[in-house]
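What follows is a single structure, written as structure tokens, with notes after it.
Excluded from the calculations below are hydrogen atoms, water molecules and symmetry mates; all remaining heavy atoms, backbone and side chain alike, are included.
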Amino acid sequence: MTGRSHRPADHRGQFVRGVAAGRMLLAASMVLAGSAPVLGQGIQVPGLIVSVPPSQMPPSAPAASAPTTVAPAPATPPEARPAPKPRPKSKPRATARKPAKGTKSAALATAATGSEKRNQAIVLLVNDDPITGYEIEQRALLMSANANVGDQAKAIFQNLIKQPSVNDRLKAILQQTIQQNQGKSREQIIAAFERRKQEFGKQLQMQAVNSARAGAVGKMRKKAEEELVEERLKLQAARKLNAIASEAQVNGLIKNMAERNKSTPEAMAASFKRMGIDIETMRQRYRATLSWHGVVRRKFGAFVNVTQGQIDNYISKIDADDEVELTLQRIVTPLPAKLAQKDMVRRLAAADELRQRFNGCAGMSELAKSLSGARFESLGTRNAKTLSEPTRSLAIAAKDGEMLPPNVAASGIELIAVCARKVTVATDKKRNQAEAELSQREYEVLARRYLSDLKRDAHIERR
């Protein structure tokens, strides 16, 4: 037998001895080595498969029946034949209403094609405004896309790699790699096996993420129904006040969201499509949000009144100190490497005596020369917020031309003088912001009450 025929067998023996730890190698290479994305961190998820009950499948064309032979019946004169009994009229089944030309129906009835038609049955009626099963599925998918499924996906992944079939698959990959790379060096075969193993691991990861997403979709269906019901009520109120958001407004919001994610509306729509989500689902949500904002502003604008006292109280409770810029000078007395308590007391006393002789910032440089080892520094203009406590509070409280008490710092004993200041009153910058935030809070309270009233008075029918 030639040496060429021995080489693959030798490689096979080396690899088979390592396959027993295949699951451990897979987990380590995928999660610890960082060669593949960690679960829940930016993984691109392909489209989810949404199962549709057979009862909701579109009816197929009836098959042609085979001809049958029927014995001829005796002829009966037309006048002798009994009149056919009238069939009872069945109650017409409610269907999604066809939208007016140039508009988009909330049920997306006319836009549905292919698999979408399979679940266009009406599930809910909100004041005769339909919500279809397709819309609920789409909204649940959208909501699940924002859900954090990382932990669940990791748990599913860990269970997957413990399955005997995974180890069998690794063995098969090993066998195929050896067969396809006969005659190559050991290092080349190992590298090829490692690449295929990584690809297999990515497939398992994707399977785990898809399973976790599918589980989240099921949990989101109830929330999706509730959100869609509220959106119907919001849009109905907006129609009454002629406050429906325009297509330009919705497009602008989509564009801004894409730009914040360094993308384009087209790329974002393609990304949603890979997850099985129609971008129209996102547009519907934004349209309802913008329209409801207009409703609340028009209906309650005259009732929202934020007083100056409320603004002052709000600012006093947040981090809204005056912006103070201080012009500072400093004298620093360095400390020796080995410092005894007596030395510290003596040096602090000398610094305090120097402070007593301080007579303004103009003479501070000469004052520093009177103390052996001391150095003068001009710190320029500093924002008070950049100073550490208690220096910050002391400097803000000090008068211009005043020196602060000695302070022990890493650089030595400091004597800091406040030479000048520039104050920008916090309320001048934050008053408008505080008023907007307080107004928004009042609008939100009124909006919740109004939506609650709409839900209480609505006629909601489940089909």
Side-chain angles (χ1 to χ4, degrees), residues 1-51 141 144-218 261-263 267-268 270-277:
M1 194 173 288
T2 64
R4 183 184 179 104
S5 62
H6 276 291
R7 179 177 296 174
D10 180 59
H11 291 322
R12 186 187 304 273
Q14 294 176 21
F15 284 118
V16 170
R17 286 192 295 270
V19 168
R23 291 193 292 268
M24 181 177 67
L25 287 173
L26 177 63
S29 60
M30 293 303 300
V31 179
L32 300 179
S35 57
V38 179
L39 289 169
Q41 297 181 4
I43 296 177
Q44 295 294 326
V45 185
L48 296 175
I49 300 175
V50 180
S51 60
L141 279 171
S144 68
N146 296 326
N148 183 11
V149 297
D151 292 340
Q152 181 66 22
K154 288 178 182 178
I156 295 174
F157 179 74
Q158 293 298 325
N159 289 332
L160 284 175
I161 63 175
K162 293 177 183 178
Q163 299 297 323
S165 58
V166 171
N167 203 36
D168 294 340
R169 179 58 182 153
L170 284 173
K171 290 179 182 179
I173 292 173
L174 175 61
Q175 300 283 349
Q176 293 171 3
T177 304
I178 295 173
Q179 292 295 331
Q180 295 170 2
N181 293 275
Q182 291 189 22
K184 293 185 179 180
S185 66
R186 177 179 179 276
E187 288 73 19
Q188 289 174 320
I189 297 176
I190 291 175
F193 176 57
E194 189 66 26
R195 286 192 298 271
R196 295 193 61 180
K197 186 174 65 175
Q198 297 297 330
E199 292 173 0
F200 178 55
K202 290 180 181 179
Q203 294 173 6
L204 289 180
Q205 276 195 319
M206 201 64 66
Q207 182 179 343
V209 173
N210 287 343
S211 297
R213 290 281 186 214
V217 170
N261 289 277
K262 298 181 180 179
S263 181
M268 188 173 69
S271 178
F272 273 95
K273 187 175 181 180
R274 286 193 294 271
M275 293 188 287
I277 304 172

**OP:** Check step by step if side-chain contact (heavy atoms from CB on, under 4.5 Å) holds for Ile173 and Lys197.
**Re:** CA-CA 8 Å; Ile173 292 173; Lys197 186 174 65 175; 5.6 Å; no
**OP:** Could you give me the CA-CA distance, side-chain angles and deciding distance for Phe200 and Val166, then say whether side-chain contact (heavy atoms from CB on, under 4.5 Å) is met?
**Re:** CA-CA 9 Å; Phe200 178 55; Val166 171; 3.8 Å; yes
Subject >> side-chain contact (heavy atoms from CB on, under 4.5 Å) between Gln207 and Leu160, worked out >> reply: CA-CA 9 Å; Gln207 182 179 343; Leu160 284 175; 3.7 Å; yes
Original post:
What's the verdict on side-chain contact (heavy atoms from CB on, under 4.5 Å) for Ile161 and Gln158, showing C-alpha distance, side-chain angles and the deciding distance?
Top reply: CA-CA 5 Å; Ile161 63 175; Gln158 293 298 325; 3.6 Å; yes
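Ala191 meets the side-chain contact (heavy atoms from CB on, under 4.5 Å) test with Arg195; sequence neighbours excluded. When the side-chain hydrogen bond (donor to acceptor under 3.5 Å, both in side chains) test is applied to Gln203, no partner is found at least two apart in sequence or on another chain. Scanning for side-chain hydrogen bond (donor to acceptor under 3.5 Å, both in side chains) contacts around Gln176 gives Arg196, with sequence neighbours left out.
Put simply, CD on Glu187 and CD1 on Ile189 are 9.5 Å apart, with the number rounded to the nearest 0.5 Å. Atoms OG and CG, from Ser165 and Leu170 in turn, are 10.0 Å apart once rounded to the nearest 0.5 Å. One distance of note links CG of Leu204 with CD1 of Ile156; it measures 12.0 Å at 0.5 Å rounding. In this structure, the separation between CG on Asn181 and CZ on Phe193 is 12.0 Å, given to the nearest 0.5 Å. A distance of 12.0 Å separates OG1 in Thr177 from CD in Gln182, rounded to the nearest 0.5 Å.
Gln163 contributes a side-chain N or O that, together with a main-chain N or O of Asn159, makes up a donor-acceptor pair within less than 3.5 Å. Without hydrogens or angle criteria, Ser271 side chain to Met268 main chain gives no donor-acceptor distance under 3.5 Å.
Shortest non-hydrogen contact noted between Gly201 and Phe157 is O-CE1, 4.1 Å.
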